[in-house]
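Following: one structure in structure tokens, then a few remarks.
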Amino acid sequence: MQPSAGRVVASLCEEKFETTPINNPSIGAFESALGAQLTHGKVYDVVRMIPAQHVTSYGHIAKLIGQPNYSRHVGQALKFLSPNTTPPVPWHRVIASSGAISSRGPGTDGAQRQQEALEAEGIEVMVGRGGERKVDLREYGWFPEPGSVAVGLFAQEGSDADHIEENN
DNA sequence: AGGTGGGCTATCC
DNA sequence: AGGATAGCCCACC
């Protein structure tokens with residue numbers, strides 16, 4: 001498919017759905033500095049494609065958008081995500097490539113809320129002794145090839161990339 | 001201009 | 001299986 005076409009539609013979706021109140025002045029600079037390549041709206045669009053009971057990584061979201069080195073910015077976009085964003089963004093389905101839920105540092109409860117949200121939809125989260133939370137990517141991972149999903153298009157779930165493969 | 005730190009990662013021990 | 005270490009790219013001192 002034409003990546004350019006997908007990009008156009010992506011920005012359309014952005015205008016339509018991007019209702020996040022961006023009151024932090026740094027965000028605007030953030031987006032413009034990226035040359036509108038990786039925007040919050042695109043991140044949210046892709047995250048919305050993650051099927052229920054599946055997870056993917058920050059880095060893979062970045063790859064699907066076409067900016068493989070922007071994993072940390074995906075994290076930023078999710079960090080600034082407003083809870084009232086419509087349609088909802090299943091932010092909890094994005095974890096580290098290791099399968100770990102990022103802790104966000106001591107004194108924060110984000111990781112625990114993420115664990116609860118994952119468990120609420122039937123994803124098993126293993127908690128280690130140090131409090132580290134991990135998800136089995138072989139079982140729950142969703143890592144479609146870039147280009148195999150219509151970024152920004154009206155995602156038809158049934159396409160092809162629905163599940164990760166074998167491997168051991 | 002240089003340092004640090006982010007909801008990150010791939011790669012080597 | 002964990003760490004240490006580069007890279008990474010931008011925001012913020």
Side-chain angles (χ1 to χ4, degrees), chain A residues 3 7 10-11 14 18 20-85 87-121 123-149 151 161 164-165 167-168:
Chain A
R7 196 163 304 163
S11 45
E14 224 167 281
E18 176 62 274
T20 306
I22 297 186
N23 35 17
N24 186 332
S26 69
I27 309 298
F30 168 65
E31 299 224 27
S32 63
L34 292 177
Q37 291 300 301
L38 186 150
T39 64
H40 292 174
K42 281 185 189 172
V43 171
Y44 301 158
D45 282 345
V46 176
V47 172
R48 288 190 189 102
M49 295 179 192
I50 307 173
Q53 282 125 41
H54 291 269
V55 296
T56 192
S57 70
Y58 301 96
H60 200 75
I61 298 290
K63 282 182 198 167
L64 293 179
I65 293 175
Q67 304 292 318
N69 296 331
Y70 282 64
S71 53
R72 312 189 80 146
H73 294 261
V74 173
Q76 285 298 105
L78 260 34
K79 175 181 181 178
F80 294 128
L81 173 64
S82 161
N84 353 337
T85 303
V89 177
W91 56 273
H92 55 281
R93 298 186 189 136
V94 186
I95 62 179
S97 64
S98 62
I101 296 177
S102 305
S103 84
R104 282 89 136 176
T108 60
D109 65 336
Q112 184 187 333
R113 291 192 296 115
Q114 186 163 11
Q115 172 187 355
E116 289 166 357
L118 289 172
E119 287 174 338
E121 67 176 48
I123 294 178
E124 184 184 3
V125 179
M126 287 158 294
V127 181
R129 291 180 302 172
E132 352 149 326
R133 305 162 164 85
K134 283 193 77 175
V135 173
D136 188 349
L137 294 181
R138 292 172 309 174
E139 186 168 3
Y140 301 106
W142 181 77
F143 297 98
E145 285 298 308
S148 70
V149 293
V151 176
I164 195 177
E165 73 308 318
N167 242 337
N168 73 337

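Each chain gets a letter, A, B and so on, in the order its sequence line appears, and its residues count up from 1.
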### Query
Would a distance-only check, ignoring hydrogens and angles, find a side-chain to backbone donor-acceptor pair under 3.5 Å from A/T56 to A/G141?
no
Is there side-chain contact between [X] and [Y], with heavy atoms separated by less than 4.5 Å?
X	Y	value
A/W142	A/M49	yes
A/I95	A/S102	no
A/S97	A/H60	no

[N] phosphate, OP1 or OP2: any side-chain N/O from [X] under 4.0 angstrom?
X	N	result
A/S103	B/dG7	no
A/S97	B/dT9	yes
A/Q76	C/dA11	no
A/Y58	B/dT9	no

Roughly how many Å is it from [atom1] in [X] to [atom2] in [N], rounded to a whole number?
X	N	atom1	atom2	answer
A/L38	C/dC10	CG	P	10 Å
A/R72	B/dT9	CZ	C1'	9 Å
A/L64	B/dC8	CG	C1'	15 Å
A/E132	C/dG2	CD	P	6 Å
A/K63	B/dA10	NZ	P	5 Å
A/H92	B/dG7	NE2	P	19 Å

### Query
Nearest to the side chain of A/S57, which nucleotide is it out of B/dG7, C/dC10, B/dT9?
B/dT9
### Task
Before giving the answer on side chain to side chain donor-acceptor pair (under 3.5 Å), spell out for A/E121 and A/H92 the whole-Å C-alpha distance, their side-chain angles and the decisive distance to 0.1 Å.
CA-CA 10 Å; A/E121 67 176 48; A/H92 55 281; 3.1 Å; yes
### Query
Mind checking the P distance from B/dG7 to C/dA6? Whole angstroms is fine.
23 Å
Using a 4.0 Å heavy-atom cut-off across all strands, classify [X] as base, sugar-phosphate, or nothing.
X	value
A/S98	nothing
A/S102	sugar-phosphate
A/G110	nothing

### Task
Give DNA chain B the dot-bracket treatment, 5' to 3': Watson-Crick (N1-N3 with N6-O4 or O6-N4) or G-U (N1-O2, O6-N3) under 3.5 Å, [ ] crossing, | other strand.
.|||||.|.||||
### Message
Just confirming the chi classification of C/dA6, syn or anti, using 90° around 0 as the syn window.
### Response
syn
### Task
Compute whether any side-chain donor of one residue and acceptor of the other, for A/Q112 and A/R104, lie under 3.5 angstrom apart.
no
### Message
Apply side chain to side chain contact (heavy atoms under 4.5 Å, CB included) to residues A/W91 and A/R113 and explain how you reach the verdict.
### Response
CA-CA 11 Å; A/W91 56 273; A/R113 291 192 296 115; 4.0 Å; yes
